[in-house]
Chemist: 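Okay, handing you the structure first.
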Amino acid sequence: MKNSAPIRVFLVEDSLVALTILKRILASSPEVDVVGTAPNGVEALERIPAAQPQVICTDLHMPKMDGLELTRRIMADYPRPILVISTSVNTQEDSRNVFKLLQAGALDVFPKPSIDSLSDYEHVKHELINRIKVLAGVTVFTRHTSRTATVEPRTHPLSPKSKPEPFNPKPVSNSQFPIRNSPSLPKIVAIGASTGGPQALYTILKQLPANFPVPILCVQHISEGFLQGLVDWLAAECFLRVTIAQPGEFPKPGTVYFAPERQHLQLDTQGRLITVSTPAVSGHRPSVTVLFQAVAICYPRSAVGILLTGMGRDGADGLQAIAQAGGTTIAQDEQTCVVFGMPKEAIALGAAQHILAIGEIAPMLLNRICYINSKHS
């Protein structure tokens, strides 16, 4: 940032130790200014209007009002980018609840720094400050207090004629869709996402039936320790089976496989899943590009690659590989991205055959792979 005012950050944290660590980390950057703190959601709501923060960081578990209810209230009354900073990944219920905050309007999750993590202080500092800088550039819009009527965050203001798109899609029935049976149809779907990805994945996967006839492979950039919570949350919300990829397994239809933490996800010559710890690509391991390139080799002309919201350019080269192999490629459009980075890079390469709003991606998949209308069966 050149000669710009520091990013105004408000911290909501009931642990004095954690609050002290967070303030110390953020005070070390001239690009960030902590303009207020609160030990719980009730006091945060009292102080936020006067503090006028650009980014709010909140824990999940707090007395009086927890992070989930606070997020709902903020998005209804004082919409701001929200970063969840939590250690709540110790139980399945807690880890799933973290992602309910994203469903309510928070944009990203980050592991709460502890005294034990101070040995890696510079890395934690860099990651947290960078995350806040990214979120400070996101424009969010009011979400209704109804827990089903919410809207997507955007990276820029809407034009007067445009309307926010609903975040919660209308779920499809779990009835059996008649399946197309043609060798020219896609045999696998690969999806890559970063910031804003959990919400985008939810929007897509929620609309797909349990008997979706091809496997789905995913890479989601996410802070270490939160992947299992993401998988558990999506599994509870969707009809599809959602799991972390295991080496040696053949991908099965109707199943979503996520790349494990710190490992690239690929396919061997027989089409089995493999995970490798080779160097990071585009700064990431797992890398979207690594997955897409593997899919392009194993499924030429019969893969669908989808690149969703996220910072940077991971996945752009991989999407181009799928396109060049004869597959189908989709990039999320700017209007519905939280961060229009990765899709923008892919579009600039000419790698995206289709540029779609997040709500249009699942219907396209269903149209290409399933007969929606039973009269075509």
Side-chain angles (χ1 to χ4, degrees), residues 1-13 15-39 44 47-59 67 70-71 74-75 78-87 101-102 105-115 117-141 153-157 193-197 221-226 280 282-284 309-314 334 337-342 344-345:
M1 291 187 176
K2 295 181 180 180
N3 301 321
S4 59
I7 299 165
R8 299 169 61 84
V9 176
F10 193 98
L11 302 175
V12 191
E13 172 58 65
S15 165
L16 184 58
V17 173
L19 182 63
T20 301
I21 293 172
L22 288 170
K23 290 172 68 176
R24 172 185 166 189
I25 290 172
L26 298 182
S28 68
S29 172
E31 297 176 298
V32 176
D33 181 20
V34 177
V35 295
T37 67
R47 301 172 186 176
I48 285 171
Q52 287 295 304
Q54 293 166 268
V55 177
I56 297 169
C57 301
T58 183
D59 191 9
L70 173 63
T71 297
I74 288 172
M75 296 310 297
Y78 317 104
R80 297 286 189 280
I82 298 173
L83 176 63
V84 182
I85 301 181
S86 179
T87 56
L101 271 75
L102 299 189
L107 296 184
D108 208 351
V109 295
F110 191 83
K112 185 185 296 186
S114 64
I115 293 176
S117 67
L118 292 182
S119 59
D120 201 19
Y121 178 80
E122 287 302 319
H123 174 73
V124 172
K125 168 186 165 183
H126 172 78
E127 289 295 316
L128 177 57
I129 292 173
N130 187 60
R131 200 73 59 93
I132 287 172
K133 288 164 66 176
V134 169
L135 296 190
V138 177
T139 300
V140 296
F141 294 85
R154 310 298 171 90
T155 51
H156 55 80
S194 188
T195 306
H221 301 160
I222 195 166
S223 297
E224 188 170 353
F226 288 96
S282 298
H284 296 282
T309 173
M311 192 75 176
R313 69 178 317 277
D314 186 29
E334 181 176 5
C337 277
V338 171
V339 179
F340 189 56
M342 289 155 46
K344 180 180 180 180
E345 294 293 333

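Keep in mind that what you see is a predicted model, and the values were worked out from it rather than measured. When a residue number appears, it is its place in the shown sequence, counting from 1. Heavy atoms only: backbone and side chains are in, while hydrogens, waters and symmetry mates are out.
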Chemist: Quick check for you: to the nearest 0.5 Å, what is the distance between I25 atom CD1 and I132 atom CD1?
Modeler: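 It comes to 9.0 Å.
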Chemist: Are L11 and C57 side-chain neighbours, meaning at least one heavy-atom pair lies under 4.5 Å?
Modeler: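 Counting from C-beta outward, L11 and C57 do come under 4.5 Å.
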Chemist: Between P30 and P6, what is the shortest heavy-atom contact and its length?
Modeler: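 Looks like O-CB, 3.5 Å.
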Chemist: Starting at CD of E345, measure out to CE of M311 and round the result to the nearest 0.5 Å.
Modeler: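 Rounded to the nearest 0.5 Å, the CD-CE separation comes to 10.0 Å.
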Chemist: Out of V138, D108, V134, which one pairs with V338 under the side chain to side chain contact (heavy atoms under 4.5 Å, CB included) rule?
Modeler: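 Result: among V138, D108, V134, V138 is the only option passing the side chain to side chain contact (heavy atoms under 4.5 Å, CB included) with V338.
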Chemist: Just so I know, are the side chains of V124 and I21 near enough to count as touching, which here means a heavy-atom distance under 4.5 Å?
Modeler: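 The answer is no, as the side chains (C-beta and beyond) never meet within the 4.5 Å cut-off.
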Chemist: Is any side-chain heavy atom of Q52 closer than 4.5 Å to one of R80?
Modeler: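 Yes - at least one pair of side-chain heavy atoms lies under 4.5 Å apart.
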Chemist: T71: what forms a side chain to side chain contact (heavy atoms under 4.5 Å, CB included) with it, not counting sequence neighbours?
Modeler: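 If we apply the side chain to side chain contact (heavy atoms under 4.5 Å, CB included) test to T71, skipping adjacent residues, the hits are T58, M75, I82, L101, A104, A106.
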Chemist: Run the side chain to side chain contact (heavy atoms under 4.5 Å, CB included) test against E13 and tell me which residues pass, sequence neighbours left out.
Modeler: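 For E13, the residues satisfying side chain to side chain contact (heavy atoms under 4.5 Å, CB included) (neighbours in sequence not counted) are S15, A18, L19, D59, K112.
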Chemist: Measure the CZ-CD1 distance between R8 and I56 for me, rounded to the nearest 0.5 Å.
Modeler: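 That separation rounds to 11.5 Å.
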Chemist: Are any side-chain N or O atoms of T309 and backbone N or O atoms of G197, one a donor and one an acceptor, separated by less than 3.5 Å?
Modeler: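 Checked: no pair found.
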Chemist: Applying side chain to side chain contact (heavy atoms under 4.5 Å, CB included) to L128 and I85, what does each step give before you reach the verdict?
Modeler: CA-CA 10 Å; L128 177 57; I85 301 181; 4.0 Å; yes
Chemist: Please report the shortest heavy-atom distance between P81 and L135, naming the atom on each side.
Modeler: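 Minimum heavy-atom contact is CG-O, 3.3 Å.
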Chemist: State, yes or no, whether a side-chain contact exists between R131 and S223 at a heavy-atom distance under 4.5 Å.
Modeler: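 Side chain of R131 against side chain of S223, heavy atoms only: contact under 4.5 Å found.
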Chemist: Which residues satisfy the side chain to side chain contact (heavy atoms under 4.5 Å, CB included) test with S29, sequence neighbours excluded?
Modeler: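 With sequence neighbours excluded, S29 shows a side chain to side chain contact (heavy atoms under 4.5 Å, CB included) to E31, V32, I129, given in chain and number order.
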Chemist: Return the minimal non-hydrogen interatomic distance between F226 and S86, and the atom names on each side.
Modeler: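 Answer, listing the atom of F226 first, then S86: CZ-O, 3.4 Å.
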Chemist: How close do M342 and S194 get, counting heavy atoms only, and between which atoms?
Modeler: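 Shortest heavy-atom contact: SD-CB, 3.6 Å.
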